[in-house]
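Protein chains get the first letters and strands the later ones, always in sequence-line order, with residue 1 at the start of each. Computation of the quantities below employed the complete heavy-atom set of this structure, encompassing side-chain atoms and omitting hydrogens, waters and symmetry-equivalent molecules.
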Amino acid sequence: MSRLQVVSGKGGTGKTTVAAALALALATEGRRTLLVEVEGRQGIAQLFETEAFPYEERKIAVAPGGGEVYALAIDAERALLDYLQMFYKLGGAGRALKKLGAIDFATTIAPGVRDVLLTGKACEAVRRKNKQGAYAYDYVVMDAPPTGRITRFLNVNDEVAGLAKIGPIHNQAQAVMRVLKSPETAVHLVTLLEEMPVQETVDGIAELRGAELPVGKVIVNMVRPHVLDEAAVRAVTGDRRKEVARTLTRAGVSGSAKLVTPLLEQAAEHAERVELEREQRAVLGTLGLTTHELPLIGEGMDLAGLYRLASELRKLGVGE
Amino acid sequence: MTLDAAGTLAIDPLLDDAGTRIIVCCGSGGVGKTTTAAALGVRAAERGRKVVVLTIDPARRLAQSMGIDSLDNTPRRVKDVEGDGELHAMMLDMKRTFDEIVEAHADPERAKAILTNPFYQSLSAGFAGTQEYMAMEKLGQLRARDEWDLIVVDTPPSRSALDFLDAPKRLGSFLDGKFIKLLMAPAKMGGRAGMKFLNVGMSMMTGTLGKLLGGPFLHDVQTFVAAMDTMFGGFRTRADATYRLLQAPGTAFLVVAAPERDALREAAYFVERLAADDMPLAGLVLNRVHGSAAARLSAERALAAAESLEETPEETPDTADHPTRSPAANAAEMPAENLDERGIVDQEAGKADGRGAGVPSPEAAKTAKAVETAEVAPEAAAVAEAPGPSEAAATGGTTGATGTAEDPEDEDPEGTAGAAEPANHALTGADSVSADDSVERLTAGLLRLHAERMQVLAREQRTRARFAALHPEVKVAEVAALPGDVHDLAGLRTIGDRLAAGGSPAGAA
């Protein structure tokens, strides 16, 4: 299992939730995982129902079985200042640069610098070792930008290495790229069984492969159970409608047309969706990747739901 | 709903009002912004307006449906739009938009120097804020052409909600800032006397930056900045003009969301931010809202009824003896308390079961129960002969036996197959009901679906109520969920109809 797990997905597919569940699932007995977010949305804090994180790694959860999950919201500006201090002892110069607007320039406008800082910090956490020489974190899980931007985001170091042809930034960009393109990294894409997210997943995987970035798994999120298939719906809408009405009455609810008609309409919609989902599953099947399916948490996502997804992931073999 | 104090957002009056010149659709990713923008465009055009829709990153088939799948950065007329109006649509090409600005505002030689600069090439290909900036730039251009009486804009799927409002300002303040002046200093000042002091600071800075970035990169940046020098004023002016355009009375912001916690949280943030920036908010478009025409039947009752129907293996001994009796006759004879009791006992298991197979416990519990019942039933021998419950128990299927009981011709080998099939479904994770199942199982399926729908409804209502409590002043147009994706004009018209209807789908209020 790769030590840097990057989780991307189209907006609305629940990639932050899946990333958090993955971090919990990987934190099996005695292991530590670090969950990082890079888009400044404080989505992890909201998910774990805690206040916004400062720029530091802090423990946010104990996983079932005793592992620990740490979280970090990477801030590009802070990462840059840290960097200047760490490598060039430029603490004071950093403040001066900030005053001039140079830090702002570097982190918001200069092409790619922001992304380099974010991926660079994540890679630093992957490679970090403690005094005993063991890795500080067994896994680092990144809640990454959405599918449409992920390749550019991860590949930006290549671009920067091309722009800054010499110097420490160049070297740093290359070092980060070595981690990201190695089997130490896996990029997972979260999708729903709907046409647009699936299409974006297919396109995203082609882009990742084109950039030689290691594609991990497809995670289908919010999968709803199939209760009735199309054939069943056809059967009940035909001659057996009366039987259904009688059976409803027998089960203690009204068998009147006022109830039967909407129930059958709902069933027809369900059947249509099942059919669409079947098509989308087939499309995902052509990708030749491991696909994990996670159930829809009917009550809405909360901490309990998150732990449930983590246990589903463990059942699927994540963390072994 | 009492919390919906501001009421329903009426879309048609907004579209019909000649004073509405720009509609901006904003919201977090994956809530259907682009589809909403396209549907509004189609509807406005078919109601007689001359409309252009600017989309940022449409799904391929949606783009195809409007004939804009080729990226040429120019509005194209959409065919097959009915009525007197016109619909034009375009997809933003940010690099091209940037290039066009450079070409329009610099002499050919300078333009060439900029376009070939490596720093420019990276910047224009879409880093931090470029897409947002270019979307606003394009909006300004379209408005300036004055060829359309309504412009509908989709916004980029930004990392933070209102990047498209901030990006122009940010670029503007950067271009006006000290840093850029410092970067430009060497090119401008050369070795002029009297500027020595500044030059000392400067050389220390470029020294640091040069160390970090490498000399050639810094050189690229400096060349770029020098070449762009004459254009900076223009950028700033246009960014300001576009920003003011967004605040003008002819502009209407629609915040688009889905009835989910995260999307509505973002929506609330949008609403607050728009108010802080004096941007005119028309209302909230809530996509994919679920309703039910059978909302009077609660999830709990539907589940309990489904449970009672799925318990029918217990009937098997009875009906196997009298295969000609109708289920209704059985029902009449079935003691009422017995039914109720089962409903209550199994409710918990049923809930878990409804969310997908692969959760072994409820299945096992029910199967165990079926076996137990079969054993204690007086006609146990008959059950053993008819391959129903015991087979089903072995394979994990629960109600296969019902089919055996009800249809006399199913009694033997087919009965086994019938029992095995649901078991297979259970194994593959899709606990699906097929056409050849019994009416009990089908009806139970209908009830389970309804229960699932009612749970979704309840959850959506809770999230909406939370938003309404925070922002009771915001008008809302709800769009009932469609079972599939939209990728043709007919689909966009349907969305438009639902948008215009605006109110809650049946049962959702």
Side-chain angles (χ1 to χ4, degrees), chain A residues 10-13 39-41 90 93 100-102 104-105 108-109 111-112 114 145-146 148 159 163-170 194-196 199 225-229 231-232 234-236 240 243-244 246-248 250-253 259 262-263 266-267 269-270 272-273 276 295 298-301, chain B residues 28-31 57 59-60 118-119 122-123 127-129 157 159-160 170-171 174 177-179 182 208 211-214 216-217 261 292-294 297 301 305 308-309 327-328 331 339 354-356 430-435 437 439-440 442-443 445-446 448-450 452-453 455 459 483-485:
Chain A
K10 181 175 163 42
T13 58
E39 294 195 289
R41 288 185 298 121
L90 285 176
L100 283 166
D104 229 22
F105 168 79
T108 59
I109 300 188
R114 180 189 186 90
E159 194 139 351
L163 273 177
K165 293 182 186 67
I166 50 165
I169 293 260
H170 173 84
E194 287 168 18
E195 196 179 317
M196 278 198 258
Q199 186 58 52
H226 287 179
V227 182
L228 291 166
D229 65 17
R234 268 201 307 279
V236 281
R240 300 179 80 181
E243 271 182 79
V244 169
R246 270 202 304 274
T247 313
L248 282 171
R250 184 155 66 85
V253 298
L259 182 64
L263 287 189
Q266 284 171 196
E269 282 176 24
H270 173 80
E272 188 182 340
R273 209 193 68 215
L276 288 170
E299 301 79 21
M301 186 45 67
Chain B
S28 54
V31 295
D57 188 17
R60 197 177 301 156
F119 179 82
S122 291
L123 183 68
F127 283 111
R159 78 184 88 211
S160 91
R170 206 160 57 202
L171 195 61
F174 160 65
K178 290 182 212 156
F179 184 60
L182 273 176
T208 305
K211 232 196 274 175
L212 275 177
L213 301 168
F217 181 49
R261 197 176 61 165
S292 172
L297 177 60
R301 275 187 63 211
S308 79
L309 288 172
L339 237 173
R355 270 184 245 114
D431 194 6
S432 199
V433 180
S434 287
D437 280 302
V439 71
E440 278 84 2
L442 287 171
T443 309
L446 291 177
R448 284 197 180 282
L449 269 182
H450 179 67
E452 192 200 354
R453 173 73 65 102
Q455 282 166 352
R459 193 187 70 224
D485 281 325

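- In this structure, CG in A:Leu228 is found 5.0 Å from CG in B:Leu449, a value given to the nearest 0.5 Å.
- Here the CD-CZ distance, from B:Glu440 to A:Arg250, works out to 4.5 Å after rounding to the nearest 0.5 Å.
- Of the inter-residue distances, the one linking B:Leu442 atom CG with A:Thr247 atom OG1 reads 9.0 Å to the nearest 0.5 angstrom.
- Shown here are the side chain to side chain contact (heavy atoms under 4.5 Å, CB included) partners of A:Glu195, two or more places apart in sequence or in another chain: A:Gln280, B:Arg61, B:Asp485, B:His487.
- Closest non-hydrogen pair, A:Ala251 versus B:Ala305, comes out as O-CB, 3.6 Å.
- Scored by the side chain to side chain contact (heavy atoms under 4.5 Å, CB included) test, B:Arg261 finds A:Leu47, B:Arg265, B:Thr463, B:Arg466 as partners (sequence neighbours excluded).
- Put simply, the side chain of B:Arg448 does not reach to within 4.5 Å of the side chain of A:Pro225, judged on heavy atoms.
- Summarising the geometry, atom CG belonging to B:Leu446 is positioned 9.0 Å from atom CD belonging to A:Gln266; distances are rounded to the nearest 0.5 Å.
- Proximity to chain B is limited to the side chain of A:Gln199, based on heavy atoms less than 4.5 angstrom apart.
- Residue A:Leu248 touches chain B through both its backbone and its side chain, counting heavy-atom pairs closer than 4.5 Å.
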